[in-house]
There are 2 protein chains.
Amino acid sequence: MLPLGRGESGQGEYGLLWGDRPRPGRGRPSGLTRERIVAEAVAIADAEGLQKVSMKHLADRLGSGVMSLYRHVPGKDELVILMYDSLMAGPVTVPEADHWRDVLIGWGRSVRDLFQAHPWALPVATGDRPMGPHEAGWVDQILGRLTAVGMPPATGLIAVLTVDCFALGAVRPEIGGSAESTADFFRFLADPANTGRFPHLARVAADIRPDDPVEDHFEFGLHRVVDGLQQYIEARQ
Amino acid sequence: MLPLGRGESGQGEYGLLWGDRPRPGRGRPSGLTRERIVAEAVAIADAEGLQKVSMKHLADRLGSGVMSLYRHVPGKDELVILMYDSLMAGPVTVPEADHWRDVLIGWGRSVRDLFQAHPWALPVATGDRPMGPHEAGWVDQILGRLTAVGMPPATGLIAVLTVDCFALGAVRPEIGGSAESTADFFRFLADPANTGRFPHLARVAADIRPDDPVEDHFEFGLHRVVDGLQQYIEARQ
DNA sequence: GATCGATGCGTATGAGATACGCTATTAAGC
DNA sequence: GCTTAATAGCGTATCTCATACGCATCGATC
């Protein structure tokens, strides 16, 4: 959560996230819409990477002129913010559960799934950005699910934050071709030439086993985090 | 960990991270060095943000021509990778401790401190990048500290990864002017106009207290993560 | 001192974001 | 129907950047 800028107050240029744009009566109706622009930009980023989202490329895809886009979004930076927030439109998909523990596990996996589907969004998420309405909606929904199974709201918020933070940090190695790279790295460490340089890493690399938790460290970590939260909560009751 | 590219094998352009460059006997000795370039780039990013690190700006600071830089780094993208890895040169600063628990806590705080000092590095860390030698060195050192106080190496690795992931995800709200923004956000939620839109968040916002864990959610989460790890490890013994 | 191999760097190129201003289009009011 | 105001679409120009290319320069080696 960073600058908010609802309406024209605050950061100004971020009013685009929260501001309700009035429907104009007069004037030419717009063929382009912000929604269409943002959706197409997300499609490009998903398929070709965020780097390939240029105003020109985007305009070509939409069959419009480059400068037309600026009638609907203030600039490229703001577009990226809108792209990110748009990912969290729609309902959170967390399986039904009777215990908050399982809700949190499901939430962590949802976050992972989101970033796996849109790898470009991870650096955006960790950059300086305002919290958008769709993101807030997601958090609100998951909070609702937690309170519905008996968790106090304030506790729910901190729990959601903690799981969210872990998921955000842990999803990077899950993205793209990292699995092979990790294996590559361990092979590299096993090479005698490098054993001396990183002795402790080399020792681990030497006796890694297929059933080792490193192999699925997202699930491993997720359960440890939830365990830790459970221990805290139960101790307070 | 992504493409490694040690030497010329693998990704090619990332050989710059691991490759030992030969000292040339002949030819003009270089006034510029990769180290100086990277250090100056880091200084710019720290002071003005990563966006302001342009080859021109950098060259001006170094008193050299723009194209001279390309004799020492292949390009801008690679420079950023080098900048990131350079942050982890030098020893890890984790206080002495007798129990692995405190080592992990100290490690988590070190990671936080690093990104607080260099906020631009967070999106770099979460982007697609190879693991560099300095980063590997950091992990190796902390692994050594853990094994020194009796933790099995394989367990140590997964524990370090888990804490690292949490810290990486949790450090963003700690950066820059986020504290005020969070407060702003809660004020926003308290506004009756928004209560209906995010009912659960609004309820929490209404009764947040100064001593609430949300106020220092990094420390809170860090301890929960380590609690969870401890529970797992003790259960296996 | 001649040579070779590396560095320093000016210039040119091309991509990208975006300010400006003109034109086209439509609803509202007459 | 005609005028007018408000808005969308967008071509052009400009500015910032990264970087390919090639020449000039410099020093250690021979």
Side-chain angles (χ1 to χ4, degrees), chain A residues 12-16 19-41 44-45 48-83 120 123-124 127, chain B residues 12-16 19-38 40-41 44-45 48-84 120 123-124 127:
Chain A
E13 64 183 1
Y14 290 124
L16 86 166
D20 298 310
R21 284 161 295 153
R23 299 255 158 252
R26 297 218 242 193
R28 191 183 193 168
S30 56
L32 284 175
T33 63
R34 177 176 288 180
E35 288 67 30
R36 226 160 61 81
I37 292 172
V38 171
E40 193 67 34
I44 294 173
E48 310 173 52
L50 189 57
Q51 214 178 5
K52 285 290 180 62
V53 178
S54 72
M55 298 309 259
K56 168 125 183 53
H57 190 174
L58 183 52
D60 287 349
R61 288 278 205 109
L62 291 163
S64 78
V66 176
M67 291 314 292
S68 306
L69 303 177
Y70 288 87
R71 291 279 178 202
H72 302 272
V73 295
K76 174 93 183 274
D77 292 349
E78 293 82 356
L79 173 63
V80 173
I81 303 285
L82 287 167
M83 287 168 65
W120 55 268
V124 178
Chain B
E13 66 183 357
Y14 289 124
L16 87 165
D20 297 311
R21 284 163 295 151
R23 300 255 160 250
R26 300 221 235 192
R28 191 184 195 169
S30 55
L32 283 176
T33 62
R34 179 177 286 179
E35 287 66 31
R36 231 163 55 85
I37 292 171
V38 171
E40 192 66 35
I44 295 173
E48 310 174 53
L50 188 58
Q51 214 177 4
K52 286 290 180 61
V53 179
S54 73
M55 299 308 261
K56 166 124 183 55
H57 191 175
L58 184 51
D60 287 349
R61 289 278 205 108
L62 291 163
S64 77
V66 176
M67 291 314 293
S68 305
L69 304 177
Y70 288 89
R71 290 280 178 204
H72 302 273
V73 294
K76 173 93 182 274
D77 292 347
E78 293 83 356
L79 173 62
V80 173
I81 302 284
L82 287 168
M83 288 167 65
Y84 178 72
W120 55 268
V124 178

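- One can place CG of A:Leu32 at 15 Å from P of C:dT25, the figure rounded to the nearest angstrom.
- Rounded to whole angstrom, the span from the CG atom of A:Leu69 across to the P atom of C:dT18 amounts to 11 Å.
- By the 4.5 Å heavy-atom criterion applied to side chains, A:Ile37 and A:Leu82 are not counted as neighbours.
- OP1 or OP2 of D:dG9 has not a single side-chain nitrogen or oxygen of A:Ser68 nearer than 4.0 Å.
- Remark: side-chain polar atoms of A:Ser54 are paired, donor with acceptor, to backbone N or O of A:His57 under 3.5 angstrom.
- The nucleotide whose nearest atom lies closest to any side-chain atom of A:Tyr70 is, among C:dA17, D:dG9, C:dG8, C:dA17.
- D:dT16 atom P lies 18 Å from atom CG of B:Leu58, rounded to whole Å.
- With sequence neighbours left out, the side chain to side chain donor-acceptor pair (under 3.5 Å) criterion links A:Lys56 to A:Asp60.
- Residue contacts for A:Ser30: at a heavy-atom cut-off of 4.0 Å it reaches the sugar-phosphate backbone alone, with no base atom in range.
- Note on B:His57: every side-chain N or O is 4.0 Å or more away from OP1 and OP2 of D:dT16.
- Rounded to an integer number of Å, the gap from A:Arg71 CZ to D:dG11 P is 13 Å.
- Rounded to whole Å, the distance from CG on B:Asp60 to P on D:dC17 is 11 Å.
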### Message
Generate the contact string for nucleotides 11-16 of chain C. Rules: B means base contact, S means sugar-phosphate contact only, - means no protein heavy atom under 4.0 Å.
### Response
B-----
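- The two atoms that bring B:Val38 and B:Met83 nearest to each other are CG1-CA, 3.8 Å, heavy atoms only.
- C:dA17 atom C1' lies 12 Å from atom CG of A:Leu79, rounded to whole Å.
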Show me the donor-acceptor pairs within less than 3.5 Å that the side chains of residues 61-75 of chain A make with the rest of the protein, sequence neighbours left out.
residue: A:Arg61; atom: NH1; partner: A:Glu40; partner atom: OE2; Å: 3.0
residue: A:Arg61; atom: NH2; partner: A:Glu48; partner atom: OE2; Å: 2.8
residue: A:Ser68; atom: OG; partner: A:Gly65; partner atom: O; Å: 3.4

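- Summarising the geometry, the separation between CZ on A:Arg36 and P on D:dA8 is reported as 14 Å, rounded to the nearest angstrom.
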List, with names and distances, any nitrogen or oxygen atoms from the protein found under 3.5 Å away from nitrogen or oxygen atoms belonging to nucleotides 25-27 of chain D.
residue: D:dT25; atom: O2; partner: B:Arg28; partner atom: NH1; Å: 3.3

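- With axes fitted over five pairs at each extremity, the angle between the ends of the helix from C:dG1-D:dC30 to C:dC30-D:dG1 is 0° (10° resolution).
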